[in-house]
Amino acid sequence: MSAPTATADAAPMNRRQTLEALSGLLLVLFVAMLSSTVVSTALPKIIGALNGSQTQYTWVVTATLLTATATTPIWGKLADLFNKKLLIQVAIVVFLAGSVAAGFAHSAGQLIAARAFQGIGVGGLQALVQVAIAAMIPPRERGRYNGYLGGVMALATVGGPLLGGLIVDTSWLGWRWCFFVGVPVAVVALLLLQATLHLPTARRDNVKIDYLGATLIAAGVSLLLVWISFVDDSFAWLSWQTGAMVGGSVLLLALAVLVESRAAEPVVPLEIVRERTTALAILGSLAVGMAMFGGAVFLGQYFQIGRGYSPTEAGLLTIPMMAGVLLSSIVAGRLITTSGKIKPYIVAGSIILVAGFALLGTIDHETSLVLVGAAMFVVGVGVGMTMQNLVLAVQNTVALKDIGAASSTVAFFRSLGGTIGVSVLGAVLARRVTDRITHDLAAAGIPTSGGSGGSTLNLAALPEPVRNIVRAAYGDATGHIFLISAAIAVVGILAALLLKPVTLRSSLDLPDTARSVAVAADAVDGAPAFDEVAVDVTGPGERARR
């Protein structure tokens with residue numbers, strides 16, 4: 001394969017240009033996050049209107065996470081090979097198409113399919129925004145910009161549920177606008193990026209994309225998640241279905257590892273994954289993803305079904321968590337930029353996250369909202385100190401040419417953790433709720449229909465005594481979900497403690513890599529000096545010399 005050649009399609013960006021480009025990227029990130037959060041409080045009403053079941057409730061979320069997870073490494077690898085700006089725009093278009101399709105869905109099955117397609121675009125956006133930012137801002141300086149990222153996360157996660165609640169509570173709008181509302185925002189982001197984002201492109205000849213490895217990874221993960229969703233409900237833990245699905249998943253993932261070890265351009269480069277910092281960051285991201293996505297997805301359900309609040313009120317009640325995310329990401333980001341140290345903040349955030357979920361594990365359908373809000377704030381602080389900083393720790397260890405694969409690998413495993421978390425915790429919740437409802441109905445002398453049924457989430461259609469039993473079942477079972485999340489998040493603490501204490505570099509690229517790129521450019525193009533290559537590898541305002 002020929003050496004990469006950097007092209008001068010963009011001069012080094014000054015601070016004003018960086019902020020202008022960052023505004024478009026943050027808007028893209030906002031759109032991607034909004035697609036999930038806007039339905040979090042509206043989903044009980046959406047599934048109720050479509051006569052969906054608890055399993056379908058989980059899969060509306062899982063479908064997006066699944067396809068986003070499966071496609072994230074592919075988008076990341078493409079970012080190392082092709083124009084990053086064009087790829088972001090393509091991901092936005094895919095996201096737009098999925099959003100429109102979801103808005104026109106007429107059944108829970110159609111909604112799940114549309115959300116799965118939408119997830120392909122989300123996978124691109126969540127990977128490529130990180131890659132573009134890494135190509136613009138050195139790791140040491142990136143800490144202060146994490147405050148902007150935290151602000152966007154907080155706005156999307158607070159504004160999304162509020163917006164979703166207002167939409168479904170407004171009769172002349174209806175739940176379909178939960179999916180349509182992101183379309184104009186995405187269009188604005190598309191136009192803004194076209195005007196402001198200018199990144200150098202590394203062009204390589206004879207590019208090979210590992211489609212076989214990507215297919216095997218997606219198939220293996222998908223089969224495992226299907227098993228998680230249906231085990232102990234449609235079939236037993238010890239059954240031929242379990243053997244076929246788990247065995248098939250292990251076989252597919254083993255084949256994926258074999259293919260990745262031999263591929264010229266692996267989707268998930270094993271040499272990056274084996275590096276200590278990356279491996280530990282992956283483990284930490286997996287735990288954080290399982291705990292955060294798996295736990296937070298069910299908060300809207302807890303407030304509405306377990307406590308009887310409206311979607312708008314449920315959105316307002318999630319504000320403490322997002323306040324924690326915003327505050328901790330800004331403060332930790334500034335401190336990281338000042339000191340260059342990142343490990344202490346990841347360790348502290350991991351411990352705080354476990355403590356927050358442990359507090360949420362004590363809630364039931366009668367818990368004081370003050371206690372629930374305080375626990376949510378603690379969880380938010382933990383998320384704000386860990387999630388973005390785990391990606392930053394990995395980006396600090398790899399060369400600029402591999403930043404896409406490295407960033408998307410961490411995002412892949414975080415999204416995989418979230419997908420598994422939602423599936424596992426959703427299955428546990430569904431089982432506990434069904435058992436509790438069946439028990440309480442029998443104790444009250446109310447005949448049961450013999451299953452959880454598709455109407456369980458449509459409380460308006462239930463008699464008052466049954467409605468009260470369903471509310472208590474959901475409210476009490478949710479605390480158990482958060483206890484499981486706390487146990488999972490302990491793995492994140494162990495991974496954080498094992499991270500190497502390092503000082504973040506102040507250059508965009510590794511110094512040794514910058515020199516090797518200069519030599520390659522001279523050999524291929526006969527360039528007399530690396531100054532002619534328009535890639536800023538030492539930070540804003542500086543140029544690398546051979």
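Hydrogens, waters and symmetry mates play no part in the numbers below; they use all other heavy atoms, side chains included.
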Working to the nearest 0.5 angstrom, can you tell me the gap between [X] [atom1] and [Y] [atom2]?
X: Leu335; Y: Ile330; atom1: CG; atom2: CD1; answer: 12.0 Å
X: Leu494; Y: Leu283; atom1: CG; atom2: CG; answer: 8.0 Å
X: Phe482; Y: Leu425; atom1: CZ; atom2: CG; answer: 9.0 Å
X: Ser485; Y: His480; atom1: OG; atom2: NE2; answer: 10.0 Å
X: Ile47; Y: Ile112; atom1: CD1; atom2: CD1; answer: 6.5 Å
X: Thr386; Y: Ile346; atom1: OG1; atom2: CD1; answer: 8.0 Å

Note to self: Could you tell me if Thr438 and Asp435 have a donor-acceptor pair between their side chains, going purely by distance under 3.5 Å?
What the structure shows: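 No, no side-chain donor-acceptor pair sits under 3.5 Å.
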Using atom types as modelled and distance alone, determine if a side-chain donor or acceptor of [X] lies under 3.5 Å from a backbone N or O of [Y].
X: Ser329; Y: Gly384; answer: no
X: Trp75; Y: Ile120; answer: yes
X: Arg307; Y: His365; answer: yes
X: Lys343; Y: Leu497; answer: yes
X: Arg276; Y: Leu498; answer: yes
X: Ser249; Y: Gly220; answer: yes
X: Thr362; Y: Leu359; answer: yes
X: Asp364; Y: Thr367; answer: yes

Close side-chain approach of [X] to [Y], heavy-atom, < 4.5 Å:
X: Leu353; Y: Phe357; value: yes
X: Leu50; Y: Leu111; value: yes
X: Phe179; Y: Arg115; value: yes
X: Val470; Y: Asp440; value: no
X: Ser350; Y: Tyr345; value: no
X: Leu360; Y: Met376; value: yes
X: Leu29; Y: Leu125; value: no
X: Met321; Y: Leu299; value: yes

Heavy-atom closest pair, residues [X] and [Y]:
X: Ala256; Y: Ile217; value: CB-CG1, 3.7 Å
X: Leu317; Y: Pro320; value: O-CD, 3.4 Å
X: Leu223; Y: Gly248; value: CD2-C, 3.7 Å
X: Ser328; Y: Val381; value: OG-O, 3.1 Å
X: Ala477; Y: Leu429; value: CB-CD1, 3.6 Å
X: Thr277; Y: Val394; value: O-CG2, 4.3 Å

Margin query: Is there a side-chain contact (heavy atoms from CB on, under 4.5 Å) between Leu316 and Tyr309? Walk through the geometry before answering.
Written below: CA-CA 10 Å; Leu316 287 170; Tyr309 291 102; over 6 Å; no
Checklist line | Leu253 vs Leu216, side-chain contact (heavy atoms from CB on, under 4.5 Å): CA-CA, chis, key distance, verdict | finding: CA-CA 6 Å; Leu253 293 176; Leu216 289 171; over 6 Å; no
Checklist line | Audit row: Val122, Phe95, side-chain contact (heavy atoms from CB on, under 4.5 Å) steps and yes/no | finding: CA-CA 6 Å; Val122 173; Phe95 170 83; 3.8 Å; yes
Next item on the list: Output, in order, the C-alpha distance, side-chain angles, deciding distance and verdict of side-chain hydrogen bond (donor to acceptor under 3.5 Å, both in side chains) for Trp227 and Thr242.
Entry: CA-CA 7 Å; Trp227 171 73; Thr242 292; 3.1 Å; yes
Note to self: Evaluate Met385 against Ile352 for side-chain contact (heavy atoms from CB on, under 4.5 Å), listing each step before the verdict.
What the structure shows: CA-CA 9 Å; Met385 294 179 69; Ile352 292 171; 4.0 Å; yes
